[in-house]
Structure formats: C-alpha cells, structure tokens
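The next block holds one structure in the form of structure tokens; read it before the comments.
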Amino acid sequence: MPDQQPRAPLIGPAVDSVDDDPADLLLRDAATVVDRLGSGPDGLSQDEAARRLVESGPNELSVARTSGLLRALVRQLTHPLALLLWAAAVLAAATQGATLAVAITCVIGINAAFALGQERHAEHAVAALAQYLPPHATVVRGGRELSVEARQVVPGDLLVVEEGVAICADAKIVTGAVECDLSAVTGESAPALRQAGADPQRRLVDAGDVLLSGTTCTSGEARAVVVHTGMVTELGRIAGLSSRTSHESSPLEQQVRRVAWLIAAVAVGVGLAFLPLGVLAGLGLGDAAVFAIGLLVANVPEGLLPTITLALAVGVAELARRGGLVKRLSAVETLGSTDVICTDKTGTLTQNRMQVHSLWGPSGRSAPHDATAEAMATVLRRCTSADPGSGHGDPTELALLKGADRLGVPDDGGTVTRTFHFDPRLRRMSVVVVGGAGRQLCTKGAPESVLELCDAVLDEEGRSQAWTPTDRADVALRLDRLADQGLRLLACAVRQLGPDDDDPEGDRESLERSLTLVGFAALTDPLRDAVPDAIVRAHRAGITVHVITGDNGRTAGAIALGAGIGAGHGRPHVVNGSELEAMADDEVDAMLGSGREIVFARNTPEDKLRIASRLQALGHVVAMTGDGVNDAPALRRADIGVAMGRSGTDVAREAATMVLTDDDFATIIGAVQAGRRVYDNVRKFILYIFAHAIPEIVPFLLFALSGGAIPLGLTVTQILLIDLGTETLPALALGREAEEPGIMARPPRRRSEGIITRQMLLRAWALLGITSAVLVTAGFLGVLWSGGWRPGDSVAPGTRFHERYLEATSMTFAGIVACQVGTAMAARTDRVSLFRIGFLTNPLLLLGIAFELALTALVLYTPALQDLLDTRPLGVAQVLALATFPVVVWGVDELYRWRRRSVRA
C-alpha cells in the first residue's frame, strides 16, 4: 500500500451524507462502509491515521464535571428553614443584641454541615466508562499488523479481533466471525455471534456484523473496519446519556422541602396576623420584636433536618448489614415508597451460573438409556475446551463435564486426535476420538446446527436407526417446549469413522456429516433460592415487578414465570425491544397501567430510559436494577438505581443509588421493608417535633394578645435549648423504632402523598399540641398565681414578682420537656396500642428520655446555668405535678388511637 493513499472524506460529512443518524453507516453493507471511510484490506497508512487522529480526536470518553462544593453549601444555607432562621437572627441582632443572633446563626451552620456532609456524592459514571476501553489494540496499517494505543485508533483503521480481545471502537466486520460478550453494553448474558455478511437489521444492537466498543471477543477471529471512536461510539452515546440524565429529588427530599415551605408560611402568616394585635394591645417596638423572633424560632423545628439526616444514616447502616450499600441517604426512604421494581434477569433473579438441568435421550422425552448414556458421556467429556483435571475453562463447559459424571458411565479414556474448535458461524464443535468404541467423531452444538447434519438416531441397543421426518418434527416440538422453560439446549451426536476418513488433511465439512443423534443436554441459570419468596412478599406489599433484559423473550419469560412474576395473569406478557420501539407513548402507558407484569426483552439503553420515564409519568416510584454499562442511564433516571456489587460493572455501581453486595433480588425486598420502616419512623419523629410547636407558641400568643398583661412564659433561648437539646435524642431514638405489625401488607403510598397529612397535623397540633399547651400554661400561671401575681403586675427585674416569674418560666420549660416524654411514647405507634408494642422495647428511647430529664435537672438546679438561662429550681409539689404530664399526654393519644381502631373495625 503506498504511503500516500487517497484522502477519505471527513468522517462527519461522510456520515451525514448517509443519514442524520451516525449509527446508520454501521448498518450499511461492509463494502459501502469501507468505501466511505477510504479503507481497504491493507488498512490506513501511518500518515493518514495521524491526520485522522487530529481530525477526529483521540479514541477516549470525555468526563463531565460535577457540581461544586460552594454551590451545594449555598443551597443548604438558603433552605426555607434556614431562611426563617436567618430572619430571626437579623431581628435578634437588631433588637436583642449579638448573643442570641450568634446562637441562631450557629444553629443554621450545624444544620447545613449535617446536610452537606451527607448529601455530597461525586458521580463518576462517565469516568468509570473509560475503564472499558482497552489500553492497546491491534490494527492493520500499511499492510502490517501493529499494536497501538487504543486512544490512537481512528475511523478507517482495520481492527484485528480474536479470542480474548477487548474491542475499543465501533466497527464493521469485513471478514471472519466471532462470538462476543455483549453483556456490558446490551445486557445479554449469552455470547452473541457476529460475522461478516450478516443480514441487515434496523437496530444497531441487533446488527450481526457490527462490533461495539466496550465488548469482548470470546471466540473466533475477524477483521473489522473502525467506523466510530470516542464519544461517537455506542459506549460514548451511553456515556452522554448518563451525563445528561439528572437524578431527580427523592420523594422524601421533595416532601421535606414542602414541609419547610409550609412551616415558613405558617410562621410568617402567624407573625403578620398577630404582630399588629400586639402593637394595638400596647406592646412597644422591642416587645413586638421579641414576639416576632419567638414566633419564628418556635415555628422552626431546628432539630428536624439533623434528626432526619441521622435517622436515615441509621437506616443506611442497617441496610449495609443486610447486603445493600446506599450511597444517598434519602434513598432509604425512597425504597420504602417503591411500587414498581424493574429488575434484570441474569445475576439478579438467577445465580449467573450455568448448570446442567437435565439430560435427554435422542427423542427428547426420556433420560438417556445405557447405549445413549455411554455415547453422550463420551461426547461431553471429549468434545470440550475445558480442562477437567485443573477445573479451568468456560463455566458452561465445566458444567457439562459434571453432567457427564451424572450419567454414571465410567470414563473410557479415549484420546482426542483432532479438534475442530467451536465455530460461531456453525455454532458447533467436533473432535476425533480414538477409544473403546473405535475411531469416531463427537459433535456438540446448538440443536438447529447439529440436527441438520443427523440422518440417524441411536436406539436402546446402541445401533443407528434411520431418522424419519415424523421423528424430526416430534423432536423439534419437544425442544421448543424445553426452550419455553428457559432452558439452553445442546445436541450431542457421533459418527463412526472408517478407512475413508483417515485423511489427516480432511476438512471439517467432509467429517461433519451423516451424524447419529445420541441426546441433548439442557442447561439453566437457576433462580436464586430466595427469589420466589421475595416475589411473593413484593406482591403482598403491592409492588409490581417487571423484567428488563437483553436476553431473548422466551428464556426471560420462562425465568420470570418460574420466579412468580406475571403468574397472576397466567404468565408474564413478553414485549421485545423492536415491539416497544414501535409503540407510541400512550400505548406504552396503557400497557404499563394495565396491572400486568411485563418482560421487556432485547432492550436498548433508550428502551430502559423510556420505561422508567413512562412509569414515573404515571406516578410510580421506580426501582431499577442493572449491572452493565447499558444500564447506567436508566439507573440514574429511576428513583432508585440498584446495581450489582459482585457481577456489576463499575459504571453501573457509580451510576446507581444502591449497590447489592450479594447481587440478590431478595435483598431489594428487604430494603423496601427497611425503607418503609424508616419512613414510618421519620413521620413519628416529625409528629413528635411538630407537637411541641403549640406549647412553644402559646406563651408568645398570650403575651401578645394580653398586651403584655401576661408575661412571656418562655424565652427564645429556652426554645432553642428544647429544640436542639432535650428533644433531639428522643427524636433520634424514634428513628430506631421497630416496625409495626403488617408493614409489608400495606400497599405502597402514592407518589403524591405528603409526608405530612391532615390527620397527622390534627394529631400533632389539635390533640398532642393543645393537650401539652393546656398543661404547660396551667403550670406557668399556677406558679405565678400561687405567689400572689395577678394579670398586669410587673415581673421586671427588681420587682417583687421577678423571682416568682423566673420560677414560672422554669415550670414552662420543664412542663414542655415532661410533655415531650408523653409525646415520645405516643408517637411510637401510629395504629396499634402501645401495650402491644411494649413500653420498654425501645431502650434507646428510654436513654433519650433519661438524658433530657437529666439535662432539664442541670438547667434548673445548677447555679451557673440558672444565671445563663434565667431558670430557678422547682419545689416537690411542682415536680409531682410535672410527673402527671407525660401520663396525661400519652393517655389522651392512646384513647384517640383506640377510637380510630374501633371505627375501622
């Protein structure tokens, strides 16, 4: 080949002249591709390759930048709850001095630090994709085979592909045939045949003469002209989909944001409504400012965000012990709200370990008899690429060797004198064996390949009998039924060789003829033991399970049915990728909304993205499993992306929200159960926190509405101490509450259902809150009244009632803490009686209660803290009165839940 070959047209325009879609060039015939790229049997010249490298760029994947730390920090500092606290801090600085303002600002910083520390997760999916490009490739340049860096491969290069080679670009096969492991790109578990001159296809992943970047050649040899490199390849397109697919906020994140705006609206609304009333009642500007600060701080549950964060962290730790590593805290809750699981088949439902399911005689209807068993054992033992001694070799081949041992036939010790290796085009392998049965050819391969060479079958006496058309039709029907069970079938045949077959140079075609069928081996990738029970649990919990796989529909449908997927309608509905592609969105929506469980087979990354998007558009919370490069975009789009930790690719693990360390579908159902528990517990401590807003707000309302005649029963500093000190540990302990009975018998909640419901607000504010406010207000006024104070009397420093007033505010502070104890016990259950749960079954809550009581005692009885927080010690009578508060609060709620159960019954 001359050094200066004719310049090929620019790759971009050349492709565009074919069609708008660059993939279409790969779908053209090989001669057209070679002509368009200016290549040939001698490949490119070195000079031309260098020019094209400058023109098309290096063969590598670009990496998208992640969001900066500063931007994430600003987002946390401008959260609605944070904005309310900023407003309170500004008011405090303007009217009350720097001390209170600094305290509120510290609260903002603590909340932001917690949230930011847990939220930050750098997404490296595109960077991980680059690891699938091999470091070197063999190309033909100037008529010579050269090893070059994979990043230097250019369109028009002639790739040399052979067994074990990782393919670094999208290419069109011009000569030869190979089998390729496409699982990383298409999700198909079995190697796929790729050969020159294959029939044209509409979709790139179905093209039988196209090699895709990121896949691996498992057998055979071929030469292919490179068409696309870098980000223009199928692998690069997936990388682009991954970088463009943003992960939407989880249901919990959305709900917390709505709660924050609800709190902000309530706080501002109450302030605007009551501030004028306080001014009209005679409050001065300073007192009005104190009132506004008190409303803002009392309405903002300062402990909400850190408590939710820590509770979710506990859920993450629990899931990790169960085999599920969660990379984003809010994913724990999202799992609990999942109502659709889209699962892969291989390695998730199945063990990803081929084994011999059964062995059949030549009729395919009974086990091998003595003669056929002996012949089958010889074929399986000798016609193999595995080494039985060392145990090294292809897992399927090793499984077949174990199948031969199951036949119970002693090894005849035959010697292989000639081997015809597995040919992807012929889909069979043959060996010549010399042993006890003489000299014979042993052949093993796909039934459709082997049966067409057979003209006889082996009978029970070990003699060859003519194979009639009726027998052929009967066997074909039987094989179809076995295939419908998800079994992979291999046919075994022999041929006795005579003197005419002694030519050592005889070709394969002359030997592989007039074969005698001896039987079939049925292989299966067995279901994981826990999968059927997990599917039952999923269905009981109202979860729909769809299968999305790159495998063929017949195999996937059989596996799904064996697992119990789609069994409610007789069998799952199977939809192939080409069928899905032809459907309009409304047709897909109707299919997904029919209630049937579906097996989507032969799917592309766009198919998976579309399925996830349509399910989300229908209001579903979607968990998507996957292990290959092709799964990355869908894993990012789904509400929960679940990757396989053992068999999965780094790309899938980086794109996913959760990684299964055991690759087991049952772990997903366990995670759903844990997620529901976490969500229930989040609602429990939100109920617990919200219930205290009423007794915290009421003192400020009494102060404003009375025009100052009733003094403030609580200070802003004491509110902060309650919200960040006494209530935090019990709230966190509620996050460790055991699940309530029947948690997995409830249907999933709707995506639109808020974490805060009308019923919860009524229970928190109208029941627990008002009960607590009445008790606390009675305690505050009772202490003042017993000391001789009457409305309107001054309690300013230096007056006769000042010390009594400090004692009364201490009673308010202690009363709220006492009511917290009763609220914590009430919040432990949403439906059943606490007597059924048990009072002492949450030791962490008991420790939290002990801590808040001890802290309260320190605040009331330590002189240094008394001076700092303006508190005073309480007497025995007052402490005894406080002891009744928890019982009253819990008792009122227990009666409420009993009434609810009675109405439902």
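With contacts defined as side-chain heavy-atom distances shorter than 4.5 Å, the pair Val154/Asn59 does not qualify. In this structure, the side chains of Met591 and Ile598 come closer than 4.5 Å at one or more pairs of heavy atoms. Side-chain atoms of Thr216 and Val165, non-hydrogen and from C-beta on, never get closer than 4.5 Å to each other. Within the 4.5 Å cutoff, side-chain heavy atoms of Pro572 are placed close to those of Leu561. Inter-residue side-chain proximity for Pro155 and His228 is flagged as unmet; no heavy-atom pair is nearer than 4.5 Å. The shortest distance between side-chain heavy atoms of Val340 and Leu592 does not fall below 4.5 Å. Here the side chains of Glu597 and His573 are not in contact, with every heavy-atom distance at 4.5 Å or above. Between Val574 and Arg554, every side-chain heavy-atom pair lies at or beyond the 4.5 Å cut-off.
Note that CG of Leu53 is 10.0 Å distant from CD of Glu149, once rounded to the nearest 0.5 Å. For the atom pair OG (Ser430) and NE2 (His421), the distance works out to 11.5 Å, reported to the nearest 0.5 Å. Taking OG1 of Thr625 as the start and CE of Met644 as the end, the distance is 5.0 Å to the nearest 0.5 Å. Interatomic distance, Asn603 CG to Thr549 OG1, rounded to the nearest 0.5 Å: 8.0 Å. Here Thr657 contributes atom OG1 and Ile640 contributes atom CD1; the two are 5.0 Å apart, rounded to the nearest 0.5 Å. To the nearest 0.5 Å, the span separating CD1 on Ile559 from CD on Gln485 amounts to 10.5 Å.
Asp170 contributes no side-chain N or O that, together with a main-chain N or O of Leu212, makes up a donor-acceptor pair within less than 3.5 Å. At distances below 3.5 Å, at least one donor-acceptor pair connects side-chain atoms of Arg513 with backbone N or O atoms of Ser510. Although no hydrogens or angles enter the test, the distance criterion places no donor-acceptor pair under 3.5 Å between the side chain of Glu60 and the main chain of Met231. Not a single donor-acceptor pair under 3.5 Å links the side chain of Thr348 to the backbone N or O of Lys345. In this structure, the side chain of Asp157 does not engage the main chain of Leu159 through any donor-acceptor pair within 3.5 Å. In this structure, the side chain of Ser613 engages the main chain of Leu609 through a donor-acceptor pair within 3.5 Å. Of the possible donor and acceptor atoms, one in the side chain of Arg472 sits under 3.5 Å from a partner among the backbone N and O of Leu451. At least one donor-acceptor pair closer than 3.5 Å links the side chain of Arg596 to the backbone N or O of Arg571.
Contact detail for Gly486 and Thr524: the closest heavy-atom pair is O-OG1, 4.4 Å. Between Arg428 and Arg508, the shortest heavy-atom distance links the atoms O-NH2, 2.9 Å. Summarising the geometry of Val178 relative to Glu221, their closest heavy-atom pair is CG1-N, 3.4 Å, with the distance given to 0.1 Å. Nearest heavy-atom pair, Val545 versus Thr343, reported as atom, atom and distance to 0.1 Å: CG1-CG2, 3.9 Å. Asp589 approaches Leu618 most closely through the heavy-atom pair O-CD1, 3.8 Å. Across every non-hydrogen atom of Gly156 and Val225, the tightest pair is O-CG2, 3.8 Å.
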Next item on the list: Verify salt bridge (Lys or Arg N to Asp or Glu O under 4.0 Å) between Lys172 and Asp209, making sure each step is shown before the conclusion.
Entry: CA-CA 6 Å; Lys172 188 79 169 181; Asp209 57 354; 2.9 Å; yes
Notebook entry, point to check: Can Leu517 and Cys492 be said to form a side-chain contact (heavy atoms from CB on, under 4.5 Å), step by step?
Noted result: CA-CA 6 Å; Leu517 180 65; Cys492 298; over 6 Å; no
Next item on the list: Dump the intermediate steps for side-chain contact (heavy atoms from CB on, under 4.5 Å) on Ile611 and Phe600, then the final yes or no.
Entry: CA-CA 9 Å; Ile611 293 167; Phe600 295 97; 3.6 Å; yes
Next item on the list: Report the C-alpha distance between Gln195 and Ile173 in whole Å, list the side-chain angles of each, state the deciding distance to 0.1 Å, and finish with yes or no for side-chain contact (heavy atoms from CB on, under 4.5 Å).
Entry: CA-CA 6 Å; Gln195 61 182 337; Ile173 298 177; 5.6 Å; no
Note to self: Met624 vs Arg637, test: side-chain contact (heavy atoms from CB on, under 4.5 Å). Steps then yes/no.
What the structure shows: CA-CA 9 Å; Met624 176 81 68; Arg637 172 61 61 83; over 6 Å; no
Notebook entry, point to check: For Glu397 and Lys444, what are the C-alpha separation, side-chain angles and deciding distance, and is it a salt bridge (Lys or Arg N to Asp or Glu O under 4.0 Å)?
Noted result: CA-CA 11 Å; Glu397 294 289 339; Lys444 177 190 70 183; 2.8 Å; yes
Next item on the list: Go through the steps for Thr32 and Asp35 under the test side chain to side chain donor-acceptor pair (under 3.5 Å), then give the verdict.
Entry: CA-CA 5 Å; Thr32 299; Asp35 180 64; over 6 Å; no
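Heavy-atom neighbours of Arg144 CZ from other residues, nucleotides or ligands within 6.0 Å: at or below the threshold of 12.
Not counting sequence neighbours, Glu579 has no partner by the side-chain hydrogen bond (donor to acceptor under 3.5 Å, both in side chains) test. In terms of the salt bridge (Lys or Arg N to Asp or Glu O under 4.0 Å) criterion, residue partners of Arg610 (sequence neighbours excluded) are, by chain and number, Asp585.
No side-chain donor-acceptor contact under 3.5 Å links Arg141 and Ser45.
Test Asp663, Asp344, Asp525 against Thr350 for side-chain hydrogen bond (donor to acceptor under 3.5 Å, both in side chains) and you get one pass: Asp525. Partner Glu145 forms a side chain to side chain contact (heavy atoms under 4.5 Å, CB included) with one of Thr138, Leu158, Val139 and no other, that one being Thr138.
Looking at Arg52 and Glu48, a side-chain N of the basic residue comes within less than 4.0 Å of a carboxylate O on the acidic one, giving a salt bridge.
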